[in-house]
Number of protein chains: 2
Amino acid sequence: MGTATIRDVARQAKVSLKTVSRVINREGSVREETRARVQRAIEQLDYRPDLSARSLRSAKSYAIGLVYDNPNPYYIIAMQQGALTVCREMGFGLQIHPCNSRGPRLAEELRDLVRRSRLAGLVLAPPMSERVALLRELAAYNIPLVRVISAAEDPRDGFPCVFVDDRDAAYAITAYLIQLGHLRIGFLWGGKQHRSSPERYKGYEKALREYGVPLDEELVLEGDYSFDDGFRGARRLFGLAEPPTAIFGSNDEIAAGVLAAARAAGLHVPYDLSVAGFEDSPFSRHSWPSLTTSRQRTELISEHAARLLIAQIHGGNVANEGFSPELVVRGSTAPPRPRQ
Amino acid sequence: MGTATIRDVARQAKVSLKTVSRVINREGSVREETRARVQRAIEQLDYRPDLSARSLRSAKSYAIGLVYDNPNPYYIIAMQQGALTVCREMGFGLQIHPCNSRGPRLAEELRDLVRRSRLAGLVLAPPMSERVALLRELAAYNIPLVRVISAAEDPRDGFPCVFVDDRDAAYAITAYLIQLGHLRIGFLWGGKQHRSSPERYKGYEKALREYGVPLDEELVLEGDYSFDDGFRGARRLFGLAEPPTAIFGSNDEIAAGVLAAARAAGLHVPYDLSVAGFEDSPFSRHSWPSLTTSRQRTELISEHAARLLIAQIHGGNVANEGFSPELVVRGSTAPPRPRQ
DNA sequence: TTGCGTGTTGACAACGTTGTCATGAATGTC
DNA sequence: GACATTCATGACAACGTTGTCAACACGCAA
């Protein structure tokens, strides 16, 4: 049968190529009757416009890129899903681009990606989204972009973004632990290359301050967003003269490491130790006990970022938008044991 | 600066468009000296061929699709990564396409995808890869495809594939448990829509048979590839008059559910109960205790599938290929407690 | 009647690339 | 030396679409 082209549609509807093009692109100036005739022909022939031809001819392109370097598959899949939803809705293509955030020529790499695949713009996930130098370079290449970043408020720095209030979410978790009665709460940092790490720490700090709980630097350990650092960090905290009664891991993987270390040390979670994570990964639901954590609607965030990007490409003047993760209480937290 | 086109390269190298095209596509019949001159011009101008124009003009396309409907993000990310590696190497684009494997008009959906995005072919992940009716429809649409399937041997049914020997891997796990001394080994099925499920069961069965361990149907429960079914299944097994001393969950999620159920029942893994999973997901490394499981090199498998597909598109006559997962022994398995 | 604005339509070129075919030069064969 | 064969190269059309511009029909005011 072959594939129907705009030419076949035009012939069938007895109009010119251009008129069909107008109908497809919802341009004005087509009589209702003509439009209907063309529509019928399109359906009869099951015609679909050819993306290559389209983006070749119009300087515009009909695809965006999703750029990430994040070892967390749940996060990435959710980001992809959100972006895809919007792309399908808007008739766009999506080009995924995992990359190395520490790569030496990242800006050039992304420029080449945009050129080669004729992308209309990029959605940047953390940590690329937080490297201002990179953003500036991309802006110099005239590449439209939308960032997903961790921030307590709209940065208003000219780069459009969707911002996630990690600080507030970490505040909520810490406040919850304090309300349970915990006064010594350990904090395990995530990787410094992610802006979410200091944000989460700030939330922790703020809650302690506001509730008048002293901040003991002994209880705060640096590390990475990894199981192993959670395990190691927890072991160090257990060895303190006055160990914490609760540990807040900066993400679920860290918290999983804490759970494992607690098991190894013979501590019973949550009775001997409360543990909280961050991210609401499936792990947090399936661990034992299941983890108290913070849920961000990654898919929605990504949808929003894609929408923002496409609106920007269409020349719209669109506002940034913020999301606040919500506290999810599960079985890994409880009031501390009464002092003996 | 704008983007350099083949025309600019031709001017700079003082040759015709066609000659540049020949150099790019590694066609024969270009003098070494000319080729070098063109290459230099390409590098000076940092020229990259435009994918849209290319695929518009040549009937050939320079992108393949990856089709999946699998709730396991680790698996999907690995599949994507493998396919991307090959695509970058070969100068192809990759279109990801998550879809609903039970959708009513899947074949049409995929045909439209291929047409719209001008895909040269598809890599199908399970369970789409196992639905023969779908394969036939796609073949009728002349869509080149490569499947990733679960099979003990090359099916030789005309549809190219990469096959993973789940049966053998399940055999290895079961045999290992038997060698530890287990005689009552529970088996929790995965979802029936995945061909890997019966394959894994067959491996379990075969090991019991070969080692002369009686197969007790009471110990075999159906379910899905989910944490909850693992939890429920384990609870039922614990309630038997003569409960199992080991449980083999058809994947790591099921095994995670078993771990949780064991915790809830006060059973100490691995001393009171051995647990084995399948897949080597990060969960299996981070659970407590970490899970004995089976590792498949998903990224390699996907790479191979993509290579097979591209070779097929190029008209090569390529052989199917098999992969065997390998046994990974961790802390969740041990010899059974001596009978009291 | 003329002139003008508006709404609808089509002819044609162009996007950047590759396929087809033609051309001329170099080489081999008798 | 004549002719066939191969090699290297280029001119040109074509892929399917959209942008530009012109043309036409219509209604309305002068």
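Everything numeric in this text was worked out from a predicted model, so none of it was measured. Chain letters run A, B, ... following the sequence lines, proteins first and then strands; every chain starts at 1.
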Within the structure shown, what part of the strands sits under 4.0 Å from [X] by heavy-atom distance: base, sugar-phosphate, or nothing?
X: A:Y62; value: nothing
X: A:T19; value: sugar-phosphate
X: A:T34; value: sugar-phosphate

Please report, rounded to the nearest Å, how far the [atom2] atom of [N] is from the [atom1] atom of [X].
X: B:E33; N: C:dA25; atom1: CD; atom2: P; value: 17 Å
X: B:Y47; N: C:dG16; atom1: OH; atom2: C1'; value: 7 Å
X: B:E27; N: C:dT17; atom1: CD; atom2: P; value: 14 Å
X: B:N25; N: C:dT17; atom1: CG; atom2: C1'; value: 9 Å
X: B:I6; N: C:dG19; atom1: CD1; atom2: C1'; value: 13 Å
X: A:D50; N: D:dA14; atom1: CG; atom2: P; value: 18 Å
X: B:L17; N: D:dA13; atom1: CG; atom2: C1'; value: 12 Å
X: A:R26; N: D:dT18; atom1: CZ; atom2: C1'; value: 16 Å

Donor-acceptor pair present, B:R57 side chain and D:dG16 base, under 3.5 Å: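 Not at all, since no donor on one side and acceptor on the other fall under 3.5 Å apart.
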Donor/acceptor link under 3.5 angstrom from A:R22 side chain onto base of C:dG10: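 Such a pair exists between side chain and base.
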Ion pair B:R105/B:D112, N-O distance below 4.0 Å: no
Hey, does the side chain of [X] come within less than 4.0 Å of [N]'s phosphate (OP1/OP2), counting only N and O?
X: A:R54; N: D:dT18; value: yes
X: A:S58; N: D:dT18; value: no
X: B:S16; N: D:dT9; value: no

Along DNA chain D (nearest heavy atom to each residue), the more 5'-positioned of B:R37 and B:A53: B:R37
Over 12 non-hydrogen atoms of neighbours within 6.0 angstrom of CD in B:E153: no
Over 12 foreign heavy atoms within 6.0 Å of CZ, A:R297: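 Counting other residues, nucleotides and ligands, CZ of A:R297 stays at 12 neighbours or fewer.
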Test: B:R147 cationic atom under 6.0 Å from B:F159 six-membered ring centre, within 45° of axis: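 Pair B:R147/B:F159 does not count as cation-pi.
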Selection from C:dG7, D:dT9, D:dG16 that lies nearest to any side-chain heavy atom of A:S29: C:dG7
Residue met sooner reading DNA chain C from 5', once A:K14 and B:K18 are mapped to nucleotides: A:K14
Any A:I64 side-chain heavy atom under 4.5 Å of A:C87 side chain: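 Yes; the side chains approach each other to less than 4.5 Å.
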